[in-house]
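Written below as structure tokens is the structure these notes are about.
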Amino acid sequence: PAAAQQSDVLATIDGQPITEAEIRAGNETEFKKIEREYERNRHDLVESLLQQLIENRLLAVEASTKNVTAEQLLAGIKPGEVTDADVDAFYEENKAGIGQAKERVAQQIRTYLIQQKQVDAHSAYIKGLEEKYKVVVRLEPVRVEVGADGPSIGPADAPVTMVEFTDFQCPFCSRVVPTLEKVRAKYGDKVRIVFRQFPLSIHPNARKAAEASLCAHEQGKFRQMHDEMFRNQQQLGVEQLQTKAADLGMDAARFKSCLDSGKFAGQVEADVRAADAVGVTGTPAIFINGRLISGAVPLTTFTKIIDEELARKAPPSASK
């Protein structure tokens, strides 16, 4: 184009310019993905370095008031003991994902819990110092605007909305199901969970399973179908989905017609495009008020962000 600035011209063909603006216009989604990834990575680095600097300064101030070193303060942090009951409880909660006898993994579980208690004790100590010295962090989290369109649990006006992009054949998605149940139990009506579809191409039954969940939603049985499909991810063939629907008390003929006709194939595809647009590359991908969590992370990762979001929405008098 004649109006192209010389600095934008990347090549010419017979004197006619090709500009960076032209390239971006045809590939805006790819550029946005790169820019979002850069923004998240930059934010994560700033946040990590900021937290370390805050911690170092808090320890230095506290150490000076007690006439000790920061290292001596840290050495004085005593995590709680890990009991056999703790190991048993962890195994029972996670045995579906562990897939081995408790005796074979008990020591690994104990080591993990010891490390977790050390981390928790350290975090609790630093949090206490933050409260003591009135730390105020003004760094805003990275947020992405994500449509909350899909089957949901919880009130529409909940202060925290979680949008999950899931794949019913994804093993990591099945592992996050009990974690989300714990979130619901802990926060109740303070949290709304919205379910959207992101079937991966590597899972041949995932797309039809996604449609099946929406056919079930049409009959008011989304949650039941959701749980049943994740309970047995090896049985997601079309006939098996129809059997599940009948077993859950749905109108079997209506469900079969819905699934066979591809009634909700367009909605699944719309969810996939929406996920692509906000930078989702794998499952599960969960946005908490627009803040992305990727993968089957521990409950503590969810509660940390949810607690932060609830604190941000609390009235000033309640946050003091």
Side-chain angles (χ1 to χ4, degrees), residues 29 33 96-97 144 146-154 161-181 183-184 192-288 292-297:
T29 299
K33 284 182 181 179
V144 178
V146 183
D149 311 314
S152 65
I153 300 171
T161 294
M162 300 173 61
V163 179
E164 179 191 14
F165 287 94
T166 194
D167 173 323
F168 288 101
Q169 208 174 348
C170 163
F172 299 102
C173 295
S174 68
R175 293 178 195 173
V176 86
V177 171
T179 306
L180 294 183
E181 287 296 327
V183 167
R184 289 183 61 213
R192 178 189 182 210
I193 303 177
V194 180
F195 301 91
R196 300 191 68 177
Q197 315 296 330
F198 194 65
L200 302 175
S201 59
I202 59 173
H203 296 145
N205 294 326
R207 188 167 287 261
K208 213 60 183 175
E211 292 180 40
S213 74
L214 298 176
C215 290
H217 180 54
E218 185 179 46
Q219 296 193 41
K221 297 278 189 178
F222 172 83
R223 186 61 188 178
Q224 294 90 326
M225 191 67 168
H226 168 283
D227 292 350
E228 185 59 34
M229 288 194 291
F230 276 128
R231 193 173 291 117
N232 194 336
Q233 293 178 294
Q234 283 68 50
Q235 295 184 358
L236 298 179
V238 170
E239 290 185 2
Q240 293 165 323
L241 295 173
Q242 292 170 357
T243 299
K244 292 181 191 295
D247 290 344
L248 291 171
M250 293 183 224
D251 181 328
R254 182 183 175 195
F255 180 88
K256 183 179 187 304
S257 174
C258 176
L259 200 59
D260 289 348
S261 68
K263 181 176 182 178
F264 291 108
Q267 185 171 333
V268 172
E269 184 57 34
D271 279 2
V272 170
R273 289 197 302 270
D276 284 337
V278 295
V280 173
T281 57
T283 54
I286 300 172
F287 293 85
I288 303 178
L292 175 62
I293 289 179
S294 294
V297 299

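Throughout, residue positions are numbered sequentially from 1 according to the sequence presented.
In this structure, Asp167 contributes its side chain and Leu200 its backbone to a donor-acceptor pair below 3.5 Å. Gln169 contributes no side-chain N or O that, together with a main-chain N or O of Gln233, makes up a donor-acceptor pair within less than 3.5 Å. Using modelled atom types, one side-chain atom of Gln219 and one backbone atom of Asp251 make a donor-acceptor pair closer than 3.5 Å. Within the 3.5 Å criterion, the main-chain N or O of Pro171 finds a donor-acceptor partner in the side chain of Ser174. Between the side chain of Gln242 and the backbone N or O of Ala252 there is no donor-acceptor pair closer than 3.5 Å. Side-chain N or O atoms of Gln240 include one that pairs as donor or acceptor with a backbone N or O of Leu236 at under 3.5 Å. Looking at Lys208, its side chain never comes within 3.5 Å of a backbone N or O of Gly237 through a donor-acceptor pair.
Under the 4.5 Å side-chain criterion, counting only non-hydrogen atoms from C-beta, Arg196 is not in contact with Phe287. The side-chain heavy atoms of Ile286 and Val176, taken from C-beta on, include a pair separated by under 4.5 Å. Inter-residue side-chain proximity for Gln197 and Leu214 is flagged as met; some heavy-atom pair is nearer than 4.5 Å. Counting heavy atoms from C-beta outward, Phe264 and Glu218 have side chains that approach closer than 4.5 Å. Between Ser213 and His226 there is no side-chain heavy-atom pair separated by less than 4.5 Å.
Taking each heavy atom of Lys221 and Leu248 in turn, the nearest pair found is NZ-O, 3.2 Å. Nearest heavy-atom pair, Phe198 versus Thr281, reported as atom, atom and distance to 0.1 Å: CE2-C, 4.2 Å.
Ring geometry for Phe168 versus Phe230: interplanar angle of 30 to 60°, hence tilted.
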